[in-house]
Amino acid sequence: MYIHTLSDELRRQFGGKVYKISLSGGMTCPNRDGTLGVGGCTFCTGSGEFAAHGDMAEQLKSARERVAFKAKNAQYIAYFQDHTNTYAPPERLRALFTAAMAPDDIVALSIGTRPDCLGPEVLDLLAELNEQKPVWVELGLQTVHDTTARAIRRGYDLPVFEAAVTALRQIGVTVIVHQIIGLPGETPEMIAQTADYIARCGAQGVKFHLLHVLRGTELAQEYAEGRVEVLSQEAYIALLEDCIRHQSREMVIHRMTGDGDKRILVAPLWSADKKRVLAAMQRAFERDDLEQGSLYREE
Ligand code: SF4
C-alpha cells in the first residue's frame with residue numbers, strides 16, 4: 001500500500017509535525033456578493049466554521065491554543081480557508097498575510113481562493129511572500145465537467161482554472177486542487193476523469209471531499225426535493241481509492257474526506273463520525289493494497 005499523505009510530506013519538508021491553523025481574512029466571495037452571483041456554489045455555506053476571527057494577533061493566539069494540547073513547540077501553517085481569500089485590495093491582503101506569516105512558528109501560508117481572483121497585483125504579492133516562506137494556493141475545481149460546474153454554479157470555466165495554475169506555478173507557488181466526489185449527476189467514470197485531470201494539471205497537491213449536504217444551502221433544498229442523492233460510505237471509499245490511483249506517486253494527498261460542520265450536516269449522516277470513517281478507509285486501503293499512481297498516466 002502506498003499513499004503520499006500530507007503528514008509525510010510535512011515531516012519531510014519541515015522535519016516534524018506541522019498543524020494547520022484556520023484564520024479568517026473577513027472576505028466574501030464574488031460568487032456570493034453579486035459580482036458573479038448571489039447564492040454561491042450550491043453546496044457552499046461559506047466554509048468558515050472552523051476559522052478564528054478577530055485581529056491577526058488574537059486569531060493566531062486562539063488558534064494556537066486550540067492545538068497546543070496536542071504538541072509543545074509545534075510548527076504551524078497559517079490557513080485562510082473561508083470564502084475567497086484573495087478577494088480584497090492587494091494592500092489589505094499584504095497586511096493580512098504579512099501579519100499571519102510573521103511569527104517564527106508559522107512555517108507556511110496557505111490561501112484558499114478562486115482562480116478568477118488572482119490578478120497581476122495579487123500574483124506579484126504572492127511571489128514576494130513566497131520568497132519569505134512557502135506559499136500554497138488552494139483552488140476549488142471540484143469537477144472537470146462543464147455540465148456539473150454549471151449545475152453547482154461554480155461560476156468560472158476551465159480555461160480560467162488552467163491559466164491560474166500556470167501563473168501560480170510560474171511564480172513558484174504550490175498549487176493544491178479540491179475535488180468533490182459524489183456531485184449530482186456524476187458517474188464513477190466522470191469522477192475518475194476529474195481525478196485524472198487534476199493529476200496532470202500541474203498541481204502538487206489534491207484535497208478530496210465527500211459531497212456533504214449542509215443546512216441552509218441550495219443543495220439541501222435539492223436534496224429535500226429528492227433531486228440529489230448522497231453516497232454510501234462504501235461507495236465513497238471505492239471512488240476515493242480510484243481517484244488516488246489516478247494521481248502520480250509524487251502528488252501530495254492533503255485530504256481524503258470533507259470536514260463539514262456536524263451541527264448543520266443533513267446528509268450523509270455516516271460522515272459525521274470522522275474517526276470511524278478514517279478507520280474504515282484505512283481498512284479498505286489495506287485490504288485493497290491501494291497504490292497511489294497505479295492508474296496514473298503521463299501526458
Ligand atoms: S467559490 Fe468558494 S466561497 Fe465562493 S461560493 Fe463557491 S465554494 Fe463558496
Side-chain angles (χ1 to χ4, degrees), residues 20 22-53 79-88 92-93 96-97 110-119 122 126 136-165 167-168 175-186 194 198 201 203 205-223 228 230 254-255 257-261 263-266 271:
K20 267 191 170 180
S22 288
L23 304 167
S24 172
M27 281 166 248
T28 178
C29 168
N31 210 13
R32 301 180 73 88
D33 74 355
T35 304
L36 291 171
V38 285
C41 303
T42 57
F43 54 82
C44 175
T45 58
S47 74
E49 56 265 27
F50 300 118
H53 292 84
Y79 180 30
F80 289 87
Q81 177 180 16
D82 58 323
H83 295 103
T84 299
N85 290 289
T86 55
Y87 190 45
R92 181 166 158 222
L93 297 177
L96 195 65
F97 296 152
S110 187
I111 302 164
T113 192
R114 293 173 56 88
D116 52 5
C117 291
L118 290 164
V122 173
L126 297 181
W136 304 353
V137 169
E138 302 197 13
L139 299 174
L141 177 68
Q142 322 306 2
T143 178
V144 75
H145 301 286
D146 290 343
T147 43
T148 318
R150 275 196 296 276
I152 61 171
R153 258 200 336 256
R154 188 181 65 189
Y156 68 81
D157 294 329
L158 207 53
V160 175
F161 171 82
E162 290 176 351
V165 174
L168 290 165
V175 179
I176 297 148
V177 180
H178 294 225
Q179 175 177 0
I180 296 179
I181 297 175
L183 286 169
E186 293 213 335
T194 295
I198 291 173
C201 76
V206 59
K207 278 189 177 178
F208 297 111
H209 301 265
L210 163 72
L211 180 73
H212 285 111
V213 179
L214 298 176
R215 203 184 312 134
T217 60
E218 193 169 320
L219 190 68
Q221 183 64 33
E222 293 169 6
Y223 181 74
V228 168
V230 291
H254 284 244
R255 181 171 278 183
T257 184
D259 224 354
D261 185 344
R263 292 165 302 181
I264 55 168
L265 178 66
V266 175
S271 68

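In each ligand, atom 1 is the first atom listed, and ligand 1 is the first ligand listed.
- Although no hydrogens or angles enter the test, the distance criterion places no donor-acceptor pair under 3.5 Å between the side chain of R153 and the main chain of V38.
- Using cut-offs of 30° and 60° for the angle between ring planes, the H178 and H209 rings count as parallel.
- Coordination check, C44 versus atom 6 (Fe) of ligand 1: failed, since every N/O/S atom of the residue sits at 2.8 Å or beyond.
- Looking at Q81, R153, Q142, R114 and measuring to atom 1 (S) of ligand 1, the nearest heavy atom belongs to R114.
- At a threshold of 2.8 Å, atom 4 (Fe) of ligand 1 has no backbone or side-chain N, O or S atom of C41 nearer than that distance.
- Counting the atoms of ligand 1 from 1 in the order shown, those under 4.0 Å from a heavy atom of G40 are 5 (S).
- Between the side chain of D157 and the backbone N or O of P159, no donor-acceptor pair lies under 3.5 Å.
- Those atoms of ligand 1 with a heavy atom of C29 less than 4.0 angstrom away are 1 (S), 3 (S), 4 (Fe), 5 (S).
- The aromatic rings of Y156 and F161 lie parallel to each other, with less than 30° between the two planes, well short of the 60° mark.
- Taking the side chain as every heavy atom from C-beta outward, R32 and T84 never approach each other to under 4.5 Å.
- Contact annotation for R32 and ligand 1: only side-chain heavy atoms (C-beta onward) come within less than 4.0 Å of the ligand.
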